[in-house]
Each structure stands twice: as structure tokens, then as C-alpha cells.
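Worksheet: one structure, shown below.
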Amino acid sequence: MEKSFCEIGRVLDVMGLSQEYGAKVFKGSDRFLENESEPVDSPAARHLAELAMQYTPESPLYVIAIGAISNVASAILMQPEIARRIVIVWLGGNAHHWPHNREFNAYQDVAAMRIVFGCGARFVQLPAMGVVSAFTISGVELEKYLKGHNRLCDYLLETVFHEMEDPEHIGLWTRIIWDVTAVAWLLDEGFMLARPVSAPIPQYDNTYAFDRSRHTMTCVFQVNRDSIYRDLFRKLTQD
């Protein structure tokens, strides 16, 4: 959490937006949920619970989650009423047909995942392996479309190249820019294909259980890689 919190500050600084938005960044959970009844108290969870209560089922708050789902689950436990007032868009878990659900954002935080999948909130899942894993891009493409446009583009480019400084990646490599897709779902329905499904039940052995009588959620099954990247690069490089 601390690394993510600090990185948000660095990005805002690079963009020259620290004074405008810095106070709107809240620290999240410092640990995963230990069970399905006790929230992890944090400024982010408390703020989300309070903010969501200002919305209604008819005009809900859209909550984009791009990591472990601890903060959202904790907010729901703190204020269960918000489940009716939010739409959760989460990048996490693997595709429902995948042989396991041992995904970085899911397997560490199964209790939180079970809360979100079971609370009845309107919910959109962007599965990692089997769906968003197709959202790859090469170093050559990143350099071509980002290098030299502005401070933010150069910072993002340098960050990715630094992460790929490993003998395994020398030469040709691609990287999945996972988190972009969750925002893309909210921007344009044409960026991906999704379908309604009965909400599965995340299990503590890193699998899903299925029950067709469960409430319905939305599951993305295909991302339009080229369209999303075109839109992303256009917005990053515009003056």
C-alpha cells in the first residue's frame, strides 16, 4: 500500500497536479482481511463508505479497483448500505474457465473477494489471466508512441523500461499494462465485450464454485487491445 500511495504522489507531481489533487489521495489497507466479518480500518475505506452514502441506487458511485479488493470490502463491512449505491469495476481474479484462481489481486485477499462477490452490489469483473492478459504491448511500441511527448510520457516510459531491466527481457519483450483496462471499461463500452453471469463463489483453495441461482454480475471476456491503446496514447500525448 505504501508504495502505491507514494507512486500516486510522484505521478501527480510529474503532472503538476499535486496541489490540486494531493489531498484527495487516501492511504488504504495495510493488511489483507483476516475474515469475512471484520473490516481493515483505513482512511481510504472510511472515505469510500462516507462518499458512497452520498449516492443513490438510481445514481450510483462507480468504484474502480485495480489491486487487492481489501478497501472496497472493508467499506462494505463498515457501511453495508453502500452495496446498493455503488458499481464496482474490479481488475482481479482469473477467467472463470481458468484452471485456478491463484491471481495476484485475488489469492492474497480471498475473504475480501468473497465479500464483494457476495454482497449483491452491481459488479463488473475484468479477469486477469484469460482476458486482460491479452492486453500486451512491446517496448518498441511504447518508445514509438510515448518518448519525448511530455514529462508524464517520459516518466511512464522510463518506469516500464526500468521494470524490464532483467536478463530475461533483453531484446524483444512485451508487457501487460493491466490497470488501464479497468478505466477503459468505464470510458467506452466498445473497448471490450462482456456478458452477464451468475456471480461465482471464490474459494479459499484458489478456485471458483458456481451456483446459477446466485445474483448476476458482469464479466468481461474480451478486450479490444488496439482501440484501448490508441485512445490511451492519444490522451497521454495531447497538450
Side-chain angles (χ1 to χ4, degrees), residues 1-32 39-56 59-76 78-79 82 85-92 104-105 109 112 124 126 132 135 137 141-165 175-188 191 228-239:
M1 178 275 295
E2 193 68 35
K3 288 183 178 179
S4 297
F5 179 80
C6 292
E7 182 61 22
I8 292 170
R10 282 191 287 270
V11 171
L12 288 176
D13 183 60
V14 168
M15 297 176 70
L17 296 174
S18 296
Q19 288 189 337
E20 186 174 354
Y21 292 105
K24 298 180 181 180
V25 181
F26 300 88
K27 287 191 175 184
S29 304
D30 59 3
R31 63 192 182 280
F32 302 114
V40 176
D41 188 21
S42 69
R46 277 184 266 116
H47 175 71
L48 175 56
E50 294 168 5
L51 181 64
M53 286 302 294
Q54 300 173 27
Y55 289 76
T56 66
S59 182
L61 173 68
Y62 283 78
V63 180
I64 298 176
I66 56 175
I69 201 74
S70 313
N71 295 331
V72 178
S74 293
I76 292 170
M78 291 175 179
Q79 181 57 267
I82 70 171
R85 301 168 183 247
I86 60 176
V87 178
I88 303 166
V89 183
W90 183 50
L91 167 61
F104 187 76
N105 291 337
D109 209 16
V124 180
L126 289 88
V132 180
F135 192 63
I137 194 162
E141 290 173 293
L142 286 171
E143 192 165 31
K144 175 180 179 181
Y145 292 110
L146 293 183
K147 188 174 182 179
H149 283 279
N150 53 51
R151 283 186 67 200
L152 178 60
C153 286
D154 286 340
Y155 177 77
L156 295 175
L157 184 63
E158 291 167 8
T159 300
V160 175
F161 272 73
H162 176 72
E163 289 295 318
M164 303 306 288
E165 285 180 356
R175 184 175 177 85
I176 305 165
I177 312 297
W178 302 94
D179 298 346
V180 170
T181 56
V183 179
W185 183 89
L186 203 59
L187 292 177
D188 189 336
F191 283 152
I228 298 173
Y229 275 122
R230 275 195 294 267
D231 185 70
L232 175 66
F233 292 147
R234 178 179 60 81
K235 290 172 178 172
L236 286 174
T237 58
Q238 66 186 7
D239 296 331

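All values reported here derive from a predicted model rather than from experimental measurement.
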query = Would you say Thr56's side chain and Ser59's backbone share a donor-acceptor pair under 3.5 angstrom?
reply = yes
query = With a 4.5 Å heavy-atom cut-off, do Leu142 and Phe233 have their side chains touching?
reply = yes
inquiry  = For Phe104, is the CZ atom crowded, meaning more than 12 foreign heavy atoms sit under 6.0 Å from it?
reply    = no
query = Does the side chain of Arg46 reach to within under 4.5 Å of the side chain of Asp41, using non-hydrogen atoms?
reply = yes
inquiry  = So Leu152 and Val11, do their side chains get closer than 4.5 Å, heavy atoms only?
reply    = yes
inquiry  = Going by ring pair (Phe, Tyr, Trp, His ring centres under 6.0 Å), name the residues that satisfy it together with Phe161, two or more places apart in sequence or in a different chain.
reply    = Trp173
remark   = Sorted by chain and residue number, the side chain to side chain contact (heavy atoms under 4.5 Å, CB included) partners of Leu186 (sequence neighbours excluded) come out as Tyr62, Ile64
request  = Would you check if Ile66 and Trp178 make a side-chain contact, meaning some heavy-atom pair closer than 4.5 Å?
outcome  = no
request  = Check salt bridge (Lys or Arg N to Asp or Glu O under 4.0 Å) between Glu141 and all other residues, then give those that pass, not counting sequence neighbours.
outcome  = Arg225
query = Is the shortest heavy-atom distance from the side chain of Asn105 to the side chain of Trp90 under 4.5 Å?
reply = yes
ask   = Is there a side-chain contact between Val63 and Val72, using heavy atoms and a 4.5 Å cut-off?
value = yes
inquiry  = Ile228 and side chain to side chain contact (heavy atoms under 4.5 Å, CB included): which single residue from Asp188, Val180, Leu187 fits?
reply    = Val180
task = Could you tell me which residues satisfy salt bridge (Lys or Arg N to Asp or Glu O under 4.0 Å) with Asp231, sequence neighbours excluded, listed by chain and number?
result = Arg234, Lys235
query = Got a sec, which residues hit salt bridge (Lys or Arg N to Asp or Glu O under 4.0 Å) with Glu7, two or more places apart in sequence or on another chain?
reply = Arg10
query = Is the backbone N or O of Lys147 less than 3.5 Å from a side-chain atom of Asp154, with the two atoms forming a donor-acceptor pair by type?
reply = no
ask   = How about Cys6 and Lys3: do any of their side-chain heavy atoms sit closer than 4.5 Å?
value = no
Which pairs of donor and acceptor atoms, one on a side chain in residues 18-27, lie under 3.5 Å apart (sequence neighbours left out)?
residue: Ser18; atom: OG; partner: Asp13; partner atom: N; Å: 3.2
residue: Lys27; atom: NZ; partner: Glu2; partner atom: OE1; Å: 3.2
residue: Lys27; atom: NZ; partner: Glu2; partner atom: OE2; Å: 3.2

